[in-house]
Amino acid sequence: ETLCRELLAERRDPAILLRLARSLEASGDAEAARKAYAETRDAPDADEDDAFVAATRLAALLARQGRAQEAIAELTRFLPRAADPAHRDALLLERGRTYYGLGQMDRARDDFAAVADSATPAFAAQARFFRVLCLYGLGDDEAARRFAQEYVAAYPDSPRIPDMVLWLAKSDFNRGDYAAAAEGFRAFAERWPNEPRVPTALYLAARAAYQDQDHARAVELVAALAQAAPQAPNLPDARFLQAEALMELARHGEAAELLDDLVRRSPNAPWIGPAHGRLGDCLFITATDDPERYARALEAYREALARIDRDPDADACYAYKIGRVYEKQGRPDDAAEQYARLIYRALARPTLYSDEGRDWLRKTLTRLRAIEGARGNLAGYETLRRRVGRAGLLPDPD
């Protein structure tokens, strides 16, 4: 810095001035560096290379100080002076990134589009990558997908390829192409097994397969996640999904074992209530071969009922299932009382139920009628049924 100042005292050589500016910036004197960069940029005898470096470093300095609009103005001011196409592309690329950071996606998109066919391969690759992100941010999903696919084909060795492959899989998921999404997430995990996002990719692959009704594949993908990342934070969520897939495959014994383990290990998970409910379902179904499972199903349904968080439909579902367990245990009086309590609760809030909740209430009345008929008490049932009809809870309770 001292030598530069001595030389500049003799003549304001732009090349020396630029070296001084960089030295000042490195020493942390941002304001002095800013002035030196500006003087270099504006020097009449500065060649384009030095002036370009001064302008871009000044813009970067301003951006680091949180003065993004001033950085954009600096880049814009120098653009007409950029005779070298590489300089022009670099300026547009940097301005586009600054616009992107400000959330001005339309302006960023235009700058990146102008550089997408740059003769400098590194500039073109960066511009094409950010163009995809801008288009997605602007809601132009189809164009974003098209350019993303072109990017993957054009730059197979780019360090940004994992980002783009993962983005394409997420795009497939969001547009409902679950088979393609599952394959994209799986391929990501297979191609980059040491990537930190592999657990997320495998979980999303399992979710996509489940949504695609490919339940066997969902089970396999969760197993792959457990093997690849046994300590992954999302593994309990994935295991719950796996249990649901096993139930869809009628593998209720396996699902019950998995759910029983999950409710013990993850008592505070957001899906803990439904997990208890699914466990109850699996135990109820498999109790034909092991009647003692009815008692465990009853406990599971009660745990689910305790966690419904004021959801009337869930209340109707689990209360009805508790009644069914009582019936299977040969306890018709308890079942009838359970069903009647549910109906009376519903009568106190008849407008809160969706069609799903009303279906559970209709099933409840059907079972109550069967029990009361067997006990010779249809008159009492009919009185309750009429109340249900008058309340508008079930317009046609029969």
Report task. Run the salt-bridge test on Arg375 and Glu372 with the 4.0 Å N-O cut-off and return the result as yes or no. Result -> yes

Identify each donor-acceptor pair in which a side-chain atom of residues 225-237 lies under 3.5 Å from a protein atom, sequence neighbours left out, and give them as a table.
residue : atom : partner : partner atom : Å
Asn234  : ND2  : Pro199  : O            : 3.1
Asp237  : OD1  : Trp271  : NE1          : 2.7

Query - Fellow cluster residues of Leu102, listed by chain then number, with links counted only when side-chain atoms sit under 4.5 Å apart - result: Ile72, Tyr99

Requested in this report: Kindly state each residue pair satisfying salt bridge (charged side-chain N to carboxylate O under 4.0 Å, His left out) with at least one member in residues 205-233, sequence neighbours excluded.
Outcome: Glu183-Arg217

Requested in this report: Kindly write out the residues that satisfy salt bridge (Lys or Arg N to Asp or Glu O under 4.0 Å) with Arg367, not counting sequence neighbours, or none if the list is empty.
Outcome: Glu327

Query raised in the report: Restricting to pairs with a member in residues 341-358, which pass side-chain hydrogen bond (donor to acceptor under 3.5 Å, both in side chains), not counting sequence neighbours?
Result: Asp313-Ser354, Asp315-Arg345, Asp315-Arg349, Glu337-Arg341, Gln338-Arg341, Arg349-Tyr353

Query - Contact list for residues 109-134, test side-chain hydrogen bond (donor to acceptor under 3.5 Å, both in side chains), sequence neighbours left out - result: Asp89-Ser118, Arg95-Asp111, Arg97-Gln126, Asp117-Arg128

Requested in this report: Can you sort out the partners of Glu25 under salt bridge (Lys or Arg N to Asp or Glu O under 4.0 Å), two or more places apart, ordered by chain and number?
Outcome: Arg57, Arg64

Requested in this report: Run the salt-bridge test on Glu39 and Lys35 with the 4.0 Å N-O cut-off and return the result as yes or no.
Outcome: no

Query raised in the report: In chain order, what residues pass the salt bridge (Lys or Arg N to Asp or Glu O under 4.0 Å) check against Glu292, with sequence neighbours excluded?
Result: none

Query raised in the report: Who pairs with Asp42 by side chain to side chain donor-acceptor pair (under 3.5 Å), at least two apart in sequence or on another chain?
Result: none

Return a table of donor-acceptor pairs under 3.5 angstrom between the side chains of residues 158-168 and protein atoms on other chains or two or more places apart.
residue : atom : partner : partner atom : Å
Ser158  : OG   : Tyr151  : OH           : 2.8
Ser158  : OG   : Arg160  : N            : 3.0
Asp163  : OD1  : Arg197  : NH1          : 2.9
Asp163  : OD1  : Arg197  : NH2          : 2.8

Requested in this report: Could you tell me which residues satisfy side chain to side chain donor-acceptor pair (under 3.5 Å) with Tyr318, sequence neighbours excluded, listed by chain and number?
Outcome: none

Requested in this report: Would you please name every residue forming a salt bridge (Lys or Arg N to Asp or Glu O under 4.0 Å) with Arg264, sequence neighbours left out?
Outcome: Asp260, Asp261

